[in-house]
Amino acid sequence: MSNNEKTEDQSGTKAASIVPASLSESRPQTGDGMKRAAAKQQIEKFYYQLTDGCGRENCENAHCASSPTFILRDQERNILALKAVELFKNKAHLCEVQPSKVARAAEPAHASSSSQGASPCEPSTSACTTPVKPVVSFMKPSSSSSSLSEKSPSMASVQYLTEEKIKELVDECEGSKSWSKFIRLIGSTFNNPESLSISFLMQPEGSGQTKHSKDTKSKKFDEDKDVDEKEDFIDIQSKHKSNQTAIEQLNLSEDDVSVDIASVRRAFDALMSIPDLPFIPALTNALTYLAKGVHIDLKFSQLILKQNPQLLNVFVIVMELPCLSSPEFIERAFPDFCKALCKLPLSGQCKLAKVWAKFGADWVRERVQSLHQLITVRIVNNEGRWGRGYHINDDADIASATKVLKILYYASIYGGERDSKKTIAEEKAINDDDENLQDMLQLQGAVGHSEPKELRQQKEDPYAQQLNAYSIDCRKPLVPYDEFINELLNEYLDVETDYKYKDDTDDTKISFMNHNYILTTASKFTLMYFDNRVRMFNERRSSILQTIVHGLPPIPFLRLQVRRDHLIDDALVALEMTAMDNPQDLKKQLFIEFDGEQGLDEGGVSKEFFQLVIEEIFNIDFGMFVYNEEQNVFWFNPTSFENDGQFTLIGIMLGLAIYNSTIVDVHFPAVVYRKLMGKKGTFEDLKEVDATLAKSLQELMDYTEDDIDEVFMQTFQIGYKDVFGSSLTHDLKENGNQINVTQENKKEFVNLYADFILNKSIQKQFRAFKRGFQMVVNESPLKTLFKPEEIELLVCGSKEFDFSALEQATEYDAGFTADHRTIKHFWEVVHEFSDDQKRKLLQFTTGTDKVPVGGLSKLKLIIARNGPDSERLPTAHTCFNVLLLPDYTTKEKLQERLIKAISYSKGFGML
């Protein structure tokens, strides 16, 4: 093992270093010095035989790692080093090493002399000499310590790859029917970051040189000898100097690397055309050593990338390998490579994201799939461990693969179709104004009640900040967002553990809440539920402290007492008083009491409350919203007579529904949720609000003839109607009625029209609505966890109406089982129900007819036996999703009783 190789055993202790004389002494040696050098080399051979083996399958040497009978396979490195000394003393058998392991190091000057008369323990210069594995560190040695590269010619020089060299050697090896030289070349280059970082470099145009100029000598492989090291190795310092000069002449941008990607891909195509791929074991071994060395260097020095920016070339080249998904690579080299990649500083990872974004959707998708394969293999191989004190979050390989997936995620966004900088700047200005107003109202509401506390702001992702690339700004990434989700990981994810880890700084653990691109909407919903419950508990505790310190009456809940016949008045007045007095009280757990009813709100009463309120608020007679029958959506009425306060209260209601995990029947177009996340509506969104208008404007955009002004006869003045049906006009530009729409300005007209309908005409109403919404969710991870379309799912529920999934997820109690006669009758009846009856059954048992996020399989329905056969109707505890079902003797009676119960169920009582 070379002095420069960093190897650690399981306890973290560095393995014993056995340095051959050829690497520790640069001057010629005589007498005892030569014997000691030869002994060190022999011990090193035994050490590599114990750690790596000879490369032969089914080796018969019991002291070789390639032997099936080898018993020291899992021992620590220190123990193996001591064993190597013992084998040397006992003159044990030393295997002939196969050349497919790694490249042979340069022979010292004294070893080239004749072996005649040499000591029996001196190393032979034959082809079977055990090679030294050069692992070059990028870490700069301290001035106080002697540098290995200063003493050793073999470590002060480095080999590299070019497309021409690979193709030339492939042709030679095919002719000789021996791949030993090629395997050594691959092994020695890919285990050395210095070699790989200067491989496949671009050359300036007009330089008259091929990639990697052949310097002053042509590099040829002798057919009768091994690689001639004097011709095949070059001096590092002179090479670095020439490389730096060449790179400066390329005028590379900050988003580029000096690797010739096209040359790399052609070279790797040539590799993969080799029959049986004999180099794969050597490549896998080399990359494992490479990754571990770079990982250690980056772990202890973040300045390496500044000292040698070409280190990024290593990661670019390795990620081009076509064998990323091969079993050997997935099991060994890829996890270590991901760990090294994760240790790059943020600037380096973001630069890789920019580089990879240029490679296109197919390239990114293939690497995403390889990482998913790695994660899936790790989960399956450790299936029996999960949940027994060991969680997915604790697996270092899964953590590193997920973090690399994050780089590809942002590469997909960076290279996708993003909103223009002008649009983003306009949205930022509007959002800043809204936030300032929100802060002011928050302070005003706290005056006279308690001291205002600092709001907990959600942190922005540093990758998004560095790249200025946010998922909310990218409608069409290179790879669809759902392709980054790993379904198997979500199945084994322990949400409670993941939530605990979200603020953990331990690199060996990971919180997927901070890497939510890999999570399903259902998993993210559960994480937000945990976060909301923690906040509710904190508000409850704060209320108790206020009682103790200031003597205020305890208000642990947001308690609303309403009358069914004055529901809107009671609810909105109570919320208005709370928002004016102390908006922070809106973040307490909601507790609803219907006047004159004995129901205790454990969730079910709140569900009915929201449903009844939403039905009345969106009544078109109120005039706050207009209804589009064709789209089946509500939109803000631009000419509404209601004041801003009413829209603010509706925003509060929507925020409370999400905060209290209640699904409501709101028919908003998706653009509403985009606007709530800080985006503006655009022409792409108009079809969700008014499909007819969007179609007409698209026809205008598609018209290419010059007589457009005569055919459409349209100016920059548009007309619309108010709530009473009266016609109104609006100029999209100053003197718009005098400006005709032409081929040159039609795109501007369409954008201004869509902007007026979706933004400007409802600016006052929507701003008030958003303000109320943010009063509730401004500290929630809603914006960081969910995309706009997912928020719509949180509000309205899933559209998958699968009662078979509900049957599979249902649990039974009080004597019922899945095989009970009454239960079988129950499901036969339910599956025969119409969709309307199924919704009524959901309403009856859970308090809402909406399907929860993730589908009905996420609804934990419990059916309990409620006594023997009787005339009683089925009853339900909607707070706990429990259906109490008498043990009816016949299917017909069960059907008749159940239909009557779900058809005439309103109100709450105490059982």
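Position 1 is the first residue of the sequence; numbering continues from there. The structure displayed is predicted, hence computed values, not measured ones. Heavy-atom basis, side chains included; hydrogens, waters and symmetry copies ignored.
A distance of 9.5 Å separates CD1 of I510 from CD1 of I398, quoted to the nearest 0.5 Å. Rounding to the nearest 0.5 Å gives a distance of 6.0 Å between OH of Y463 and CG of L346. Interatomic distance, NE2 of H515 versus OG of S511, reported as 8.5 Å (0.5 Å rounding). Note: T376 OG1 to E487 CD = 10.5 Å, rounded to the nearest 0.5 Å. For the atom pair CD1 of I317 and CZ of R265, the computed distance is 12.0 Å after rounding to the nearest 0.5 Å. In this structure, H372 NE2 and F484 CZ are separated by 7.5 Å, a value rounded to the nearest 0.5 Å.
In terms of heavy-atom proximity, G187 sits nearest to A286 at O-CB, 3.4 Å. Scanning all heavy atoms of the two residues, the minimum distance from N313 to S258 falls at ND2-OG, 3.0 Å. For the residue pair A84 and L50, the shortest heavy atom distance occurs at N-CD1, 3.7 Å. The two atoms that bring L374 and F334 nearest to each other are CD1-CD2, 3.5 Å, heavy atoms only. Residues P193 and V314 come closest through the heavy atom pair O-CG2, 3.6 Å. For the residue pair L271 and F279, the shortest heavy atom distance occurs at O-CE2, 3.3 Å.
In this structure the side chain of D260 never reaches within 4.5 angstrom of the side chain of L201, judged on heavy atoms. Side-chain contact between P477 and V479 is absent, with no heavy atoms from C-beta onward closer than 4.5 Å. Contact annotation: the side chain of L352 approaches that of V316 to within less than 4.5 Å [non-hydrogen atoms, C-beta and beyond]. With a 4.5 Å cut-off on side-chain heavy atoms, Y409 and V368 do not count as touching. A heavy-atom distance below 4.5 Å is found between the side chains of I375 and I518. For the pair M513 and P781, the minimum side-chain heavy-atom distance is below 4.5 Å. Under the 4.5 Å side-chain criterion, counting only non-hydrogen atoms from C-beta, L519 is in contact with L493. A 4.5 Å side-chain heavy-atom check between M202 and V257 finds every atom pair outside the cut-off.
Judged purely by atom type and a 3.5 angstrom limit, S66 has no side-chain atom pairing as donor or acceptor with the backbone of G53. S400 places a side-chain N or O within 3.5 Å of a backbone atom of D397 that can act as its donor or acceptor partner. The backbone N or O of L785 lies less than 3.5 Å from a partner atom in the side chain of K524, making a donor-acceptor pair. Formation of a donor-acceptor pair under 3.5 Å by the D498 side chain with backbone atoms of F512 is found in this model. Side chain of Q49 to main chain of H63: a donor-acceptor pair is present (N/O by atom type, distance under 3.5 Å, no hydrogens or angles). The backbone N or O of Y390 sits nowhere less than 3.5 Å from a side-chain atom of D394 that would complete a donor-acceptor pair. In this structure, T189 contributes its side chain and I186 its backbone to no donor-acceptor pair below 3.5 Å. A donor-acceptor contact shorter than 3.5 Å is absent between the side chain of Q466 and the backbone of C350. In this structure, N191 contributes its side chain and L287 its backbone to no donor-acceptor pair below 3.5 Å. The backbone N or O of E496 lies less than 3.5 Å from no partner atom in the side chain of Y501, so there is not a single donor-acceptor pair.
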Can Y470 and Q465 be said to form a side chain to side chain donor-acceptor pair (under 3.5 Å), step by step? CA-CA 8 Å; Y470 298 85; Q465 288 181 308; 5.1 Å; no
Show your working on side chain to side chain contact (heavy atoms under 4.5 Å, CB included) between C338 and L371 and close with a plain yes or no. CA-CA 9 Å; C338 290; L371 289 166; 3.8 Å; yes
Can you list the steps and then say if V294 with L298 is a side chain to side chain contact (heavy atoms under 4.5 Å, CB included)? CA-CA 6 Å; V294 173; L298 289 170; 3.6 Å; yes
Go through it in stages, so that I can follow the logic: the residues are L312 and V355, the test is side chain to side chain contact (heavy atoms under 4.5 Å, CB included), and I'd like the CA-CA distance, side-chain angles, deciding distance and then a yes or no. CA-CA 10 Å; L312 286 182; V355 171; over 6 Å; no
Report the C-alpha distance between F337 and F315 in whole Å, list the side-chain angles of each, state the deciding distance to 0.1 Å, and finish with yes or no for ring pair (Phe, Tyr, Trp, His ring centres under 6.0 Å). CA-CA 8 Å; F337 175 77; F315 300 99; 5.6 Å; yes
Apply the test side chain to side chain contact (heavy atoms under 4.5 Å, CB included) to residues I413 and Y481: give CA-CA distance (whole Å), side-chain angles for both, the deciding distance (0.1 Å), then the verdict. CA-CA 9 Å; I413 294 174; Y481 293 120; 4.0 Å; yes
Please step through salt bridge (charged side-chain N to carboxylate O under 4.0 Å, His left out) for the pair K406 and D461, ending with a clear verdict. CA-CA 11 Å; K406 188 172 192 174; D461 194 301; 2.7 Å; yes
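For N490 and S523, the side-chain atoms include at least one donor-acceptor pair closer than 3.5 Å. For the residue pair S263/E163, the side-chain donor-acceptor check at 3.5 Å is satisfied. Checked by atom type, the side-chain pair S370/S325 shows a donor-acceptor distance below 3.5 Å. Side chains of D494 and H391: a donor-acceptor N/O pair is absent below 3.5 angstrom, by distance only. In this structure, a donor-acceptor pair under 3.5 Å is absent between the side chains of D336 and Y289. Between the side chains of S197 and N308, no donor-acceptor pair is found at a separation under 3.5 Å.
By the 6.0 Å and 45° rule, K165 stacks over the aromatic ring of Y160. Relative to the ring axis of F359, R365 does not place its NZ or CZ within 45° and under 6.0 Å from the centre.
Between W363 and W356, the two ring planes are tilted [angle within 30° to 60°].
The side chain to side chain contact (heavy atoms under 4.5 Å, CB included) test with F190 singles out one residue from L290, N285, L161, T284, and that residue is L161.
Environment of CG in D482: crowded, with over 12 heavy atoms of neighbouring residues, nucleotides or ligands closer than 6.0 Å.
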